[in-house]
Amino acid sequence: MTGTPTLSGDGPVVVVGGGVVGLCTAYYLAAAGLPVEVVERRGLGSGVSRGNAGWVCLSHSTPVPSPGVLRYALRSLGRPDSPLYLRPLPDPAFLRWLWRFWRSSAPAAFRRGYAAIADLNHDTFDLFDGLREAGVATTLTRPGMVHAFLSAAEARHHLAIQREMAEGRYPMPDDITTGDEARLLDDALSSKVRAAYLVEGEGVVDPEGFARGLGEALAAAGVKVHENAEVTGFRSGTGRVTALRTDRGEIPCSAVVVAAGMRSPALLRELGHRLPLQAGKGYSFAVDLDPAPRHTLYFGERRAVASPIGTTTRIGGTMELSGNNNRLDWRRIVAVALASRHYLGRWFDDPDDLVSLIRDPWVGGRPFLPDGLPVIDRLPGLENAFAATGHGMLGVTLGPATGHRLAEYIRTGRRPEVLAPFGFDRLRG
């Protein structure tokens, strides 16, 4: 796609949002020699980037709307301990979003979305290597991911689906490991695990540490970062944004990128566009386990996860569709902990013990569009305004790829072909 050049006049490219996606975009713009500023209403990496599991993975980079997922969600009604919990809201916009979510879960739509994410993800580990070689403290390690199951039949079913979807894009094992040998794939697994398989090379970062490393690299490159600054609007004219209004005054700009997670819809409305974004609330917490996992772990039947991050283990899971809020429901924390106990053993005896055992209980609204794909595109009708949001649970994995490709688009005015499935126009109607 060919377009007019996006940059003209004085002023920096201003990135709104200090999560991994926004920081990666700012990094690649600055690395190309463009003046850049970042505006974050809190601290860098303080939003959804802070509490996620830190996965950098290919085998789990899939759209959430998949065949059967809404039927699974409907069974969760009245069950707040379900891995996928749906609490309907009396809101026409939410119901429309669910309708489009259901439409996107058709097999053909899911496969198109999976292929789009896989293509964008193709260079992910190369990009992380490039960041590290440039001096960014990515914190990335690649211990591989163990998929653990309580049933051999479920493990074989899951592996067959993953092998079919991978289509040679990344290595998958030929078969599962069963019986007592399954738990030998990772010392942290309990004797209840009866089947497992290892996807080698999958990675994990400390998401807070990665955001901090990006921030330090931006500071070293002379990028001005405005923390605790709220964007309140924009000044525009003749199809261009010329400045951002903040609670600290105006910032002139040559272009603007909105990468503000769940804050993005309100900002884009100021630019004349609606974005059907809903919060897929996720929960996590940190705990000291002995033995601690050596790999990232996926608990198949319960759809929970565990990640070795620093000296602790972060356990997370659940997808809660209950509106755009960050209310922490302690029942969901307990549900994740109970789910993990099937795979990690009785690391606690009574739910009342959790208050003293876990640290940093977290809830965050991961931004989801109804088709499960992010939007990475120029805003229609505006020559120099872009959006990069809606990454859901894939912000850390797709952050470098998104930032790299979007920076190319902003510099050249030409949309890279790999970004075509993530266009704004698909969201109309």
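Atom CZ of Arg426 is surrounded by more than 12 heavy atoms from other residues, nucleotides or ligands within 6.0 Å. For Glu200, the CD atom is loosely surrounded, since the number of other residues' heavy atoms within 6.0 Å does not exceed 12. When the shell of 6.0 Å around CZ of Arg294 is examined, it contains more than 12 heavy atoms from other residues, nucleotides or ligands.
Nearest heavy-atom pair, Thr296 versus Pro143, reported as atom, atom and distance to 0.1 Å: N-CG, 4.3 Å. Minimum interatomic distance between Asp288 and Thr311 (heavy atoms only, all atoms of both residues): OD1-O, 3.9 Å. Listed here is the closest heavy atom pair of Asp349 and Arg341: O-NH1, 3.3 Å. In terms of heavy-atom proximity, Asp377 sits nearest to Gly423 at OD2-CA, 3.3 Å. What you find for Pro416 and Tyr409 is that their closest heavy atoms are CD-CB, 3.8 Å. When every heavy atom of Thr62 is checked against every heavy atom of Ile117, the shortest pair comes out as C-CD1, 4.1 Å.
Thr313 places no side-chain N or O within donor-acceptor distance of the main-chain N or O of Ala292, the cut-off being under 3.5 Å. Panel note: side chain Ser284, backbone Gly51; a donor-acceptor pair is recorded below 3.5 Å. In this structure, the side chain of Arg212 does not engage the main chain of Ala137 through any donor-acceptor pair within 3.5 Å. Of the possible donor and acceptor atoms, one in the side chain of Arg163 sits under 3.5 Å from a partner among the backbone N and O of Pro173. At least one donor-acceptor pair closer than 3.5 Å links the side chain of Thr139 to the backbone N or O of Asp206. Looking only at distances, a side-chain donor or acceptor of Asp247 sits under 3.5 Å from a matching main-chain atom of Glu230. Of the possible polar contacts, one joining the Ser190 side chain to the His342 backbone as a donor-acceptor pair under 3.5 Å is found. With hydrogens and angles ignored, the 3.5 Å screen pairs a side-chain donor or acceptor of Thr412 with a backbone N or O of Arg414. Of the possible polar contacts, none joining the Arg366 side chain to the Asn52 backbone as a donor-acceptor pair under 3.5 Å is found. Within the 3.5 Å criterion, the main-chain N or O of Asp350 finds a donor-acceptor partner in the side chain of Asp353.
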Name every donor-acceptor pair, under 3.5 Å, that has one atom in a side chain of residues 392-400 and the other anywhere in the protein, sequence neighbours excluded.
from, atom 1, to, atom 2, distance (Å)
Thr397, OG1, Trp55, O, 2.9
Thr397, OG1, Cys57, N, 3.2

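Under 3.5 Å, the side chains of Glu202 and Ser59 contain a donor-acceptor pair of N or O atoms.
With sequence neighbours excluded, no residue satisfies ring-ring contact (aromatic ring centres under 6.0 Å, His included) with Tyr283. The ring-ring contact (aromatic ring centres under 6.0 Å, His included) test applied to Phe125 returns no partner, not counting sequence neighbours. Not a single ring-ring contact (aromatic ring centres under 6.0 Å, His included) links Phe422 to another residue, sequence neighbours left out.
In this structure, CD in Glu164 is found 12.0 Å from CE in Met172, a value given to the nearest 0.5 Å. Residue Asp186 holds its CG atom at 9.5 Å from CG of Leu198, rounded to the nearest 0.5 Å. The CD1 atom of Ile309 sits 9.0 Å away from the OG1 atom of Thr141 when rounded to the nearest 0.5 Å. Here the CD1-CZ distance, from Ile176 to Phe149, works out to 8.5 Å after rounding to the nearest 0.5 Å.
Test Thr177, Asp180, Leu150 against Arg194 for side-chain contact (heavy atoms from CB on, under 4.5 Å) and you get one pass: Asp180. Of the candidates Trp102, Trp97, Trp99, Pro370 forms a side-chain contact (heavy atoms from CB on, under 4.5 Å) with just one, namely Trp97.
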Review point. Salt bridge (charged side-chain N to carboxylate O under 4.0 Å, His left out) between Glu320 and Arg331: does it pass, once the steps are laid out?
Key: CA-CA 12 Å; Glu320 179 181 327; Arg331 295 174 301 176; over 6 Å; no

Review point. Step by step, would you call Phe386 with Val13 a side-chain contact (heavy atoms from CB on, under 4.5 Å)?
Key: CA-CA 11 Å; Phe386 297 81; Val13 180; over 6 Å; no

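Residue pairs meeting the ring pair (Phe, Tyr, Trp, His ring centres under 6.0 Å) criterion with at least one partner in residues 289-327, sequence neighbours excluded, are His60-Tyr298, His147-Tyr298, His158-Tyr298, Phe299-Tyr343. The side chain to side chain donor-acceptor pair (under 3.5 Å) contacts involving residues 215-227 comprise Glu37-His226, where partners must be two or more places apart or lie in separate chains.
The pair Glu408-Arg411 fails the salt-bridge criterion, with no side-chain N (NZ, NE, NH1 or NH2) lying under 4.0 Å from an Asp/Glu carboxylate O. Taking 4.0 Å as the cut-off between side-chain N and carboxylate O, Glu167 and Arg111 do not count as a salt-bridged pair.
Trp330 places a side-chain heavy atom less than 4.5 Å from the side chain of Leu354.
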